[in-house]
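What's counted below: heavy atoms across the whole structure, side chains too, no hydrogens, waters or symmetry copies. Both ligands and their constituent atoms are indexed starting at 1 by order of listing.
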Amino acid sequence: MIDAQGYAALDPTTPLAPFSFQRRALGERDVQIEILYCGVCHSDLHTARNEWNNTLYPSVPGHEIVGRVVAVGSAVSGFKVDDIAGVGCLVDSCRNCPSCGEGLEQYCENGFIGTYNGSAFGGSENTLGGYSDTIVVDEKYVLRISHTDNLAAVAPLLCAGITTYSPLRQWKVGPGQKVGVVGLGGLGHMAVKIANAMGAKVVLFTTSPDKKDDALRLGASEVVISKNRAEMASHANSFDFILNTVAAPHDLDAFVNLLKRDATMTLVGAPASPHPSPSVFGLIFKRRRIAGSLIGGIAETQEMLDFCAEHSIVADIEMIRMDEINQAYERMLKSDVKYRFVIDMATLKSA
Ligand code: NAP
Ligand code: ZN
Ligand code: ZN
C-alpha cells in the first residue's frame with residue numbers, strides 16, 4: 001500500500017480537514033501520479049455535504065487532477081516516470097457493456113467507478129479523490145496532457161472542460177449557430193470558451209450583472225441578465241442549442257422559450273433538489289427538447305484536451321491553498337468564483 005495525505009469530509013456538516021489514508025499498491029497496469037493541482041468542482045461540494053444523498057464517508061473530493069507520473073507498473077505502455085498526466089471524473093468501468101465498448105464509460109451499464117465516492121465492483125469501500133498528494137489509476141483511465149506551461153489552469157478541463165465539450169459535440173455545435181450558455185461558473189466559463197472555439201455565436205445568461213465584461217472577454221458575443229424579462233423576450237425562438245450549467249433549481253421555461261423549433265436545451269447542472277416542472281406547451285408547440293449529459297468518456301476527454309491545447313484554451317483560475325477549501329466552498333455557494341478554484345497541492349504539506 002502507498003501512504004497518502006489529503007483533505008476529507010467526515011460527515012455532511014463538519015469542515016473538510018487533514019486526513020491520512022492509503023492508496024492501493026501499484027498494479028502492473030497502474031500509474032502512480034504525484035498530484036500537483038486539483039480543481040474544485042461544484043460536485044465536490046454537493047458530495048462533501050451529501051446533497052445527493054449518496055455520500056460515503058470519509059469523502060476525499062476532487063476529480064480535476066493533474067500531476068507528474070512517479071511510478072508505472074510493469075505492463076504500462078502509455079506513460080513513463082516524469083510524464084505530466086491527468087485524471088478526470090472516472091477511474092474505472094466494467095469494460096464489457098455496450099457503453100464501455102463504444103468508449104462511453106460514463107454511461108457504463110454496470111456503473112462507472114467515480115474518482116471519488118465510487119465503489120469498486122463488489123467492494124464496500126469508496127474511492128478517494130484528488131484533494132490529496134498522490135493517486136494510483138489504471139493507465140486506461142489516465143489522460144495525456146500536452147499544454148503543460150500553465151498546468152494549474154489545465155486541471156479544470158478534466159471535469160468542467162469535458163462536461164461542456166461533450167454535449168457541444170453531441171448536439172453538433174458549430175459555425176452559423178446561435179448557442180446559449182446558462183450560468184457563468186466553472187462549467188459555464190469553459191462552455192463559453194469551447195463553443196466560441198467551435199465557431200458558434202455564444203450568448204451567456206447570468207444572474208450576476210458584474211460578470212458581463214468577463215463573459216465578453218471569454219468569448220460571448222452577448223450577455224443577457226436572465227432575471228430581466230425584456231432582455232429574455234428579445235431572444236425568443238432564436239437559439240439552436242442551449243447548455244444549462246446552473247447548480248440550483250430554477251425556471252427552465254424561461255430558457256425553453258428561447259429555443260427554435262426542434263432545438264434542444266441540455267442540462268448539465270445537477271442541483272440537489274428538482275427544477276420546477278417545465279411547461280409541456282413550451283415543448284410540444286415547437287417540438288423542443290430538454291436533455292441531459294454526464295461528463296464524458298476517456299477517448300472524448302483526450303479529444304477535448306487535444307482540442308483545448310490546439311486552441312490554447314485553459315480555465316480562468318483562482319489558486320487556493322489546501323486549507324482554504326472550506327472558504328472556497330462558501331464563495332462557490334455565492335456564485336463568487338472567477339471562474340474555477342484550483343488547489344495548489346504543494347500547500348498540503350504545510351496544511
Ligand atoms: P459553479 O462554478 O458554482 O457555477 C454554477 C453557476 O450557476 C454560478 O456561477 C451561477 O452563475 C449559476 N447559479 C448559481 N445559483 C443559481 C441560481 N439559484 N439561479 C440561477 N443561476 C445560478 O458550479 P460548476 O462547478 O460549474 O457546476 C455546475 C453544476 O454542474 C453543479 O450542479 C455540478 O454538480 C454540476 N456538474 C455536472 C456534471 C455532469 O456531468 N452533468 C459535471 C460537473 C458538474 P451566474 O452567476 O452566471 O448566474
Ligand atoms: Zn466535476
Ligand atoms: Zn461498462
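- Atom CG of L305 and atom CD of E300 lie 11.0 Å apart (nearest 0.5 Å).
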Ignoring hydrogens and angles, write down the donor-acceptor pairs under 3.5 Å from the side chains of residues 192-209, residues two or more places apart or on other chains.
from: K193; atom 1: NZ; to: V314; atom 2: O; distance (Å): 2.8
from: K193; atom 1: NZ; to: D316; atom 2: OD1; distance (Å): 2.6
from: T206; atom 1: OG1; to: S208; atom 2: N; distance (Å): 2.9

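- The CZ atom of F307 sits 9.0 Å away from atom CG of L168, with the distance rounded to the nearest 0.5 Å.
- The structure places CE of M345 at 5.5 Å from CE of M322, a figure rounded to the nearest 0.5 Å.
- A distance of 6.0 Å separates CD of E51 from NE2 of H46, quoted to the nearest 0.5 Å.
- Protein contacts to the Zn ion (ligand 2) involving N, O or S atoms at a distance below 2.8 Å are C41 SG, H63 NE2, C159 SG.
- Protein residues having a heavy atom under 4.0 Å from any atom of ligand 1 are C41, H42, S43, H46, W52, C159, T163, G183, L184, G185, G186, L187, T206, T207, S208, K211, T245, V246, A247, A248, V268, G269, A270, S293, L294, I295, M332, S335, R340, listed by chain and number.
- Heavy-atom neighbours of R169 CZ from other residues, nucleotides or ligands within 6.0 Å: above the threshold of 12.
- Protein N/O/S atoms found under 2.8 Å from the Zn ion (ligand 3), listed by chain and residue number: C94 SG, C97 SG, C100 SG, C108 SG.
- For the residue pair T115 / Y141, no side-chain donor-acceptor distance below 3.5 Å is found, with atom types taken as modelled.
- Between H250 and F255, the closest side-chain pair of non-hydrogen atoms falls below 4.5 Å.
- Taking the six-membered ring for Trp and the full ring otherwise, the centers of F21 and F19 sit less than 6.0 Å from each other.
- Side chains of T47 and Y116 form a contact here, defined as non-hydrogen atoms less than 4.5 Å apart.
- Ion pair D133/R23 not flagged as a salt bridge, since none of the NZ, NE, NH1 or NH2 atoms sits closer than 4.0 Å to an Asp/Glu carboxylate oxygen.
- We find that R321 and D323 are joined by a salt bridge, their nearest charged nitrogen and carboxylate oxygen being less than 4.0 Å apart.
- R287 CZ: 12 or fewer foreign heavy atoms inside a 6.0 Å radius.
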